[in-house]
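Comments concern the structure below.
On a predicted model such as this, the values are computed, not experimentally measured, just so you know.
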Amino acid sequence: MANILYGVNGEGSGHSTRAREIITHLEAQGHRVHVASFDRGCRNLKEDFEVTKIDGLRLAYVHNRVRYGKTVLRNLAHLPHTAHKVRALGRKAEDWAVDLVITDFEPISCHVGHKLGLPVIAIDNQHLLTDTEISYPREYRKDAAATKLVTRLMTPRADAYLVISFFTAPVKKNKRTFLFPPILRREVLEIKPMNRDFVLVYVTSAATESTNVLKSVRQRFVCCGFNREGTDGNLDFRKPGLDAFLPDLSACRAIVANAGFSLISEALYLGKPYLAWPVKRQFEQVFNAYYVGKMGYGAYWDDLNKERVESFLFNLETYRENLAVYPRQNNSALLGKLDALVAKYSVGS
């Protein structure tokens with residue numbers, strides 16, 4: 001059995017929700033897992049697993065737009081603290097007699113693995129950008145280049161990259177990269193979706209200008225992520241939370257949301273048409289949104305207005321027909337590959 005350090009990126013909830021499924025599986029196989037994370041990763045995982053708090057990269061958002069200047073300044077200020085966390089986590093890993101490192105786009109654990117000469121396994125969706133043959137609009141070439149550079153720097157030189165995606169793409173000539181369907185929460189795999197009369201709206205950063213657009217459309221919207229509760233005309237504002245969010249996700253007729261990978265993956269699995277509205281200047285979300293539209297599972301717009309929302313709602317039946325043949329799979333393929341890699345890299349195997 002292996003002794004594993006598992007680094008989880010704490011930006012948003014997607015990394016920690018899929019890490020929960022994988023860690024639960026690893027522990028069920030008899031492995032010992034030491035989790036390292038920050039922010040939402042810590043909050044989402046600490047009640048069920050042993051979690052060491054570390055520092056991490058945080059994006060700065062203003063009005064639903066990534067502000068790279070603020071992001072750089074914020075993270076430069078934390079560099080001394082981050083270096084201390086790398087050394088501290090390295091000492092803990094030695095005390096734990098860790099055999100290998102698994103990282104979900106979390107760089108500190110990856111660097112600790114390299115420093116200690118341990119095998120590193122990366123599990124994420126970001127390496128789809130660097131390790132597969134994909135396309136995107138030409139106007140985003142500079143943003144794509146910057147995002148690919150960051151992706152390569154975050155978890156470099158892993159012994160294996162298990163890449164997840166909601167669409168298939170040819171893997172480049174790289175014997176270390178393997179493509180799998182998204183890792184989904186057990187609750188998502190087990191729930192039976194319905195089709196009620198409301199559209200679910202989700203944003204990762206409050207975008208007040210969008211509420212005026214939604215109020216102009218004759219449709220009931222259930223809104224999450226706006227830092228408010230209560231009813232305003234046709235808008236019902238809800239308090240965020242994973243347990244409360246899933247029933248709304250499974251019951252809505254469609255989704256209008258930012259283009260985070262995990263939410264898109266869960267929505268498509270549940271057969272929900274998706275109007276993707278990516279956070280500005282965050283190329284990963286632009287890329288996800290572009291492929292939602294390209295695959296015919298919904299629509300993609302940089303900005304919302306009344307006409308675009310109404311057009312999306314008018315075409316829901318077409319999107320549902322496309323989603324009827326969406327390849328719905330459980331987590332067994334990736335978990336099986338991970339089991340084989342853990343056995344390969346464990347001490348004494």
Side-chain angles (χ1 to χ4, degrees), residues 12-18 20-22 24-25 44 125 164-168 180-204 214 217-226 234-278 285 288-289 291-300 309-335:
S13 294
H15 301 277
S16 57
T17 54
R18 67 180 174 232
R20 175 183 296 279
E21 300 303 316
I22 298 171
T24 299
H25 170 80
N44 292 344
N125 59 286
I164 53 179
S165 173
F166 61 84
F167 62 92
T168 59
F180 298 94
I183 291 290
L184 297 170
R185 291 182 281 160
R186 174 181 54 83
E187 296 86 347
V188 173
L189 293 171
E190 294 177 351
I191 202 166
K192 293 183 179 180
M194 298 174 286
N195 187 19
R196 294 185 175 168
D197 66 348
F198 70 92
V199 171
L200 181 62
V201 181
Y202 178 80
V203 295
T204 53
L214 297 175
V217 178
R218 295 185 61 183
Q219 168 65 54
R220 180 186 170 222
F221 295 97
V222 171
C223 305
C224 301
F226 289 83
N234 61 329
L235 310 184
D236 292 335
F237 294 95
R238 302 281 177 87
K239 183 178 180 180
L242 286 176
D243 293 336
F245 185 77
L246 182 55
D248 287 334
L249 177 61
S250 67
C252 68
R253 65 191 296 244
I255 298 174
V256 177
N258 294 145
F261 177 83
S262 292
L263 179 54
I264 289 176
S265 299
E266 292 184 353
L268 300 186
Y269 181 85
L270 294 172
K272 306 299 181 179
Y274 202 108
L275 173 49
W277 168 38
Q285 289 213 1
N288 292 337
Y291 266 91
V292 166
K294 182 175 181 176
M295 302 302 293
Y297 300 144
Y300 152 45
V309 176
E310 289 179 337
S311 174
F312 167 71
L313 296 176
F314 180 80
N315 288 293
L316 287 185
E317 196 56 42
T318 298
Y319 303 139
R320 289 195 187 101
E321 290 176 2
N322 295 333
L323 284 165
V325 295
Y326 177 77
R328 291 168 176 81
Q329 302 180 47
N330 59 26
N331 302 329
S332 60
L334 185 145
L335 294 178

- Under 6.0 Å between the ring centres of Tyr326 and Phe166? no
- Query: What heavy-atom pair brings Val203 and Asn258 nearest, and what distance separates the two atoms?
  - Reply: CA-OD1, 3.2 Å
- side chain to side chain contact (heavy atoms under 4.5 Å, CB included) with Val256: of Leu275, Val217, Leu200, only one passes, and it is Leu275
- Roughly how far, to the nearest 0.5 Å, is CG of Asn288 from CZ of Phe167? 7.5 Å
- Query: Is Tyr202 close to Asp248 at the side-chain level, that is, under 4.5 Å between some pair of heavy atoms?
  - Reply: no
- Are Gln219 and Val309 close enough that some pair of their side-chain heavy atoms sits under 4.5 Å apart? no
- Any His25 side-chain heavy atom under 4.5 Å of Asn331 side chain: no
- Query: Any side-chain heavy-atom pair from Tyr274 and Ile264 closer than 4.5 angstrom?
  - Reply: yes
- Arg253 CZ to Arg220 CZ distance, which is reported to the nearest 0.5 Å: 12.0 Å
- Item | Steps toward salt bridge (charged side-chain N to carboxylate O under 4.0 Å, His left out) verdict (Glu21, Arg18) | CA-CA 5 Å; Glu21 300 303 316; Arg18 67 180 174 232; over 6 Å; no
- Item | Euclidean distance, Asn330 CG relative to Leu335 CG, rounded to 0.5 Å | 8.5 Å
- Task: Please report the C-alpha distance between Tyr269 and Glu266 in whole Å, then the side-chain angles of each, then the deciding distance to 0.1 Å, and finally whether the side-chain contact (heavy atoms from CB on, under 4.5 Å) criterion is met.
- Result: CA-CA 5 Å; Tyr269 181 85; Glu266 292 184 353; 5.8 Å; no
- Message: Ignoring hydrogens, what is the shortest heavy-atom contact between Ala251 and Lys272? Give both atom names and the distance.
- Response: C-NZ, 4.0 Å
- Query: Which heavy-atom pair separates Gly296 from Tyr319 by the least distance, and what is that distance?
  - Reply: O-CD2, 3.6 Å
- Query: Heavy-atom distance under 4.5 Å between the side chains of Asn44 and Ser13, does that happen here?
  - Reply: yes
- Message: Could you measure the distance from the CG atom of Leu270 to the NZ atom of Lys192? Nearest 0.5 Å is fine.
- Response: 13.5 Å
- Calculate, to the nearest 0.5 Å, the distance between atoms CD1 and OG belonging to Ile183 and Ser265 respectively. 10.0 Å
- Message: Any non-hydrogen side-chain atom of Arg328 less than 4.5 Å from a side-chain atom of Leu323?
- Response: yes
- Query: Are the side chain of Asn234 and the backbone of Leu214 linked by a donor-acceptor contact shorter than 3.5 Å?
  - Reply: yes
- Atom CG in Leu268, atom CD1 in Ile255: separation rounded to 0.5 Å? 8.0 Å
